[in-house]
Amino acid sequence: CWANAHVVSAVHEADCGVTQLRVRVTDEDYEVGPGQFALLTCMSVSPIAHPFTIANFNPQNGECTFYIKNLGGPFR
């Protein structure tokens, strides 16, 4: 099942190697919650969806929060 959504904010915390991504789900009939997985696609990087765990969901505004760790060592 696919939901329409858009990025609210993306903040990278270099000190801890984590990006906080907030996404607003715009489909009113779509139900999500913390601990569920969402398949996210960033077409500018890859057309392949990747699963991420929803860290938080705010039902008042439809925002999901994800915390995404850096992969591997330093990139050069």
Side-chain angles (χ1 to χ4, degrees):
C1 186
W2 296 97
N4 290 312
H6 67 273
V7 174
V8 174
S9 67
V11 178
H12 180 68
E13 298 290 340
D15 295 348
C16 58
V18 172
T19 298
Q20 179 195 58
L21 177 66
R22 289 180 32 227
V23 176
R24 180 166 293 137
V25 178
T26 56
D27 290 344
E28 293 180 12
D29 295 334
Y30 203 78
E31 294 184 23
V32 297
Q36 291 180 322
F37 285 93
L39 292 172
L40 303 180
T41 304
C42 180
M43 293 304 288
S44 64
V45 177
S46 171
I48 300 169
H50 187 80
F52 292 97
T53 303
I54 299 170
N56 189 39
F57 177 70
N58 183 336
Q60 274 83 27
N61 61 13
E63 286 185 11
C64 294
T65 302
F66 301 88
Y67 291 100
I68 303 167
K69 288 180 16 174
N70 289 351
L71 288 176
F75 295 100
R76 299 170 201 239

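Computation of the quantities below employed the complete heavy-atom set of this structure, encompassing side-chain atoms and omitting hydrogens, waters and symmetry-equivalent molecules.
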remark   = Pro47 and Thr41 have their tightest heavy-atom pair at O-CG2, 3.8 Å

message = Quick one, Ile54 and Phe66 - any side-chain contact, counting heavy atoms below 4.5 Å?
response = yes

task = Starting at NZ of Lys69, measure out to CZ of Phe52 and round the result to the nearest 0.5 Å.
result = 12.0 Å

query = Only one of Leu21, Asn58, Val25 clears side-chain contact (heavy atoms from CB on, under 4.5 Å) with Cys64; which?
reply = Val25

inquiry  = Please give the remaining members of the hydrophobic cluster of Tyr67, linking ILVMFWY side chains under 4.5 Å, ordered by chain and number.
reply    = Val18

request  = Apply side-chain contact (heavy atoms from CB on, under 4.5 Å) to the pair Asn61 and Val8, showing each step before the final yes or no.
outcome  = CA-CA 11 Å; Asn61 61 13; Val8 174; over 6 Å; no

task = List the atom of Pro34, the atom of Ala55, and the distance in Å for their closest heavy-atom pair.
result = CB-O, 3.8 Å

Salt bridge (charged side-chain N to carboxylate O under 4.0 Å, His left out) pairs, two or more places apart, involving residues 39-65 = Arg22-Glu63, Arg24-Glu63

key: Distance (rounded to the nearest 0.5 Å) between Ile68 CD1 and Thr53 OG1   = 10.0 Å

